[in-house]
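This report concerns only the one structure given below.
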Amino acid sequence: MVISVPNSLNELLTRANYLSGYSISTVADAFNLSVPADLKRHKGWIGNFIEHVLGADAGSKAIQDFTELKIELKTIPVNDKYFPLETTFVSLAPLTGNVGVTWDTSHVRNKLQRVLWMPIQGNRDIPIKDRLIGKPILWEPSLQESITLKKDWEELTELITLGQFDKINAAIGEVLQLRPKGANRKSRTHAYDSSGKLINTLPLGFYLRTGFTGNILQKNKM
DNA sequence: GGCTGATCATAG
DNA sequence: CTATGATCAGCC
């Protein structure tokens, strides 16, 4: 079943709100989709599933998206206290070509300008099919949040541009962190080391810490 | 390999 | 119990 792309922000929000309170299987049944028993080999399934039922064209050609609405959709697994169980992937971290890139022109800022968060019950003791979909939250970073994100992004990006990959680890950054993002630890991409020499190194991604996303959820739950 | 979507697994 | 580092899948 193909679902049309929402024509307006209101239409997208209406659809998203309609899903809240239903279980994964209730929605999946309505769209004739089968639900995996676990996510071990389907780690992106929930995200793709929600994209699909909201009318984003997941997979194949990426022609249709919410790009016209300037909305980034993120599902986020939450516990009983409505707190995130996982960090949130934002984007791959460019390890080259960062000269001249600023926070304002960064992928991270671009993606986080407007996010539709879809909290989903994520407790591992609840079968995937029985997990409930929460209330969607349309979020734009506050001034304070932007300042903190910018500070972290600049600190992390500086380490990349200086080629100090031996210093990079997930403990750096107040709300944003850099962590591996590849098929496995043998994955490689290009970067410049501290002496300016082209090297092969582990691909990295920007992730939002749970404290940051947890705050967004807490502020917006009524 | 790069990019999208993320969660898994275990050290501490 | 939590966060870091590792990993999974599909498309281009």
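We use all heavy atoms of the structure for the numbers below, so side chains are in, but hydrogens, waters and symmetry mates are not. Sequence lines set the chain letters: A, B, ... in the order given, protein chains first and strands last, and positions in each chain run from 1.
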Applying a 4.0 Å non-hydrogen cut-off, can you work out what [X] is touching in the nucleic acid: base, sugar-phosphate, or nothing?
X: Pro77(A); value: sugar-phosphate
X: Gly44(A); value: base
X: Ala183(A); value: base
X: Thr75(A); value: sugar-phosphate

Less than 3.5 Å apart, which donor and acceptor atoms pair up between the side chains of residues 73-83 of chain A and the rest of the protein, not counting sequence neighbours?
residue	atom	partner	partner atom	Å
Lys74(A)	NZ	Glu72(A)	OE2	3.4
Lys74(A)	NZ	Phe89(A)	O	2.9
Asn79(A)	OD1	Lys81(A)	N	2.8
Asn79(A)	OD1	Tyr82(A)	N	3.2
Asn79(A)	OD1	Phe83(A)	N	2.9
Asp80(A)	OD1	Asn123(A)	ND2	3.0
Tyr82(A)	OH	Lys135(A)	N	3.4

What nucleotide among [options] has an atom nearest to a side-chain atom of [X]?
X: Pro180(A); options: dT4(C), dG5(C), dC3(B); value: dG5(C)
X: Leu39(A); options: dG2(B), dC8(B), dG5(B); value: dC8(B)
X: Leu92(A); options: dG1(B), dA3(C), dT4(B); value: dT4(B)

Contacts to DNA chain C from residues 100-132 of chain A, heavy-atom cutoff under 4.0 Å, which residues?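 Nucleic-acid contacts, sorted: none.
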To the nearest Å, how far apart are Ile24(A) CD1 and dA6(B) P?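 Result: 12 Å.
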Distance check needed: dA9(C) C1' versus Glu51(A) CD, whole Å only. 14 Å
Kindly determine whether Thr213(A) and Trp117(A) satisfy side chain to side chain contact (heavy atoms under 4.5 Å, CB included), including the steps that lead there. CA-CA 9 Å; Thr213(A) 51; Trp117(A) 298 98; 3.7 Å; yes
Enter the inter-axis angle for the ends of the helix from dG1(B)-dC12(C) to dG12(B)-dC1(C) (five pairs per end, rounded to 10°).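 The end axes of the helix from dG1(B)-dC12(C) to dG12(B)-dC1(C) are about 30° apart, to the nearest 10°.
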OP1 or OP2 of [N] versus the side-chain N and O atoms of [X]: is any pair under 4.0 Å?
X: Gln177(A); N: dT4(C); answer: yes
X: Arg209(A); N: dT4(C); answer: yes
X: Arg41(A); N: dA9(C); answer: yes
X: Ser187(A); N: dG1(B); answer: no

So does [X] reach the base of [N] with its side chain, donor to acceptor, closer than 3.5 Å?
X: Tyr207(A); N: dA3(C); result: no
X: Lys43(A); N: dT7(C); result: yes
X: Lys181(A); N: dG5(B); result: yes

Specify the residue among Ile172(A) and Asn184(A) whose closest nucleotide of DNA chain C lies further upstream toward the 5′ end. Ile172(A)
Applying side-chain contact (heavy atoms from CB on, under 4.5 Å), can you list everything that pairs with Leu132(A), at least two apart in sequence or on another chain? Ser23(A), Gln121(A)
With Phe165(A), the side-chain contact (heavy atoms from CB on, under 4.5 Å) member among Leu178(A), Ile199(A), Asp193(A): Ile199(A)
Which of these, Leu149(A), Thr148(A), Thr87(A), Leu176(A), sits in a side-chain contact (heavy atoms from CB on, under 4.5 Å) with Phe212(A)? Leu149(A)
So does Ala183(A) get a backbone contact from the side chain of Ser187(A), meaning a donor-acceptor N/O pair under 3.5 Å?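 The answer is yes, because a donor-acceptor pair under 3.5 Å joins these two groups.
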Please list every donor-acceptor pair under 3.5 Å in which a side-chain atom of residues 37-47 of chain A meets a protein atom from a residue at least two apart or in another chain.
residue	atom	partner	partner atom	Å
Asp38(A)	OD1	Lys40(A)	N	2.8

Quick one: do Glu11(A) and Arg15(A) make a salt bridge, cutoff under 4.0 Å?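 Yes, charged N to carboxylate O under 4.0 Å.
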Would you call Glu158(A) and Lys167(A) a salt bridge, using N to O less than 4.0 angstrom? no
Near DNA chain B, which residues from residues 144-167 of chain A have a heavy atom under 4.0 Å away? none
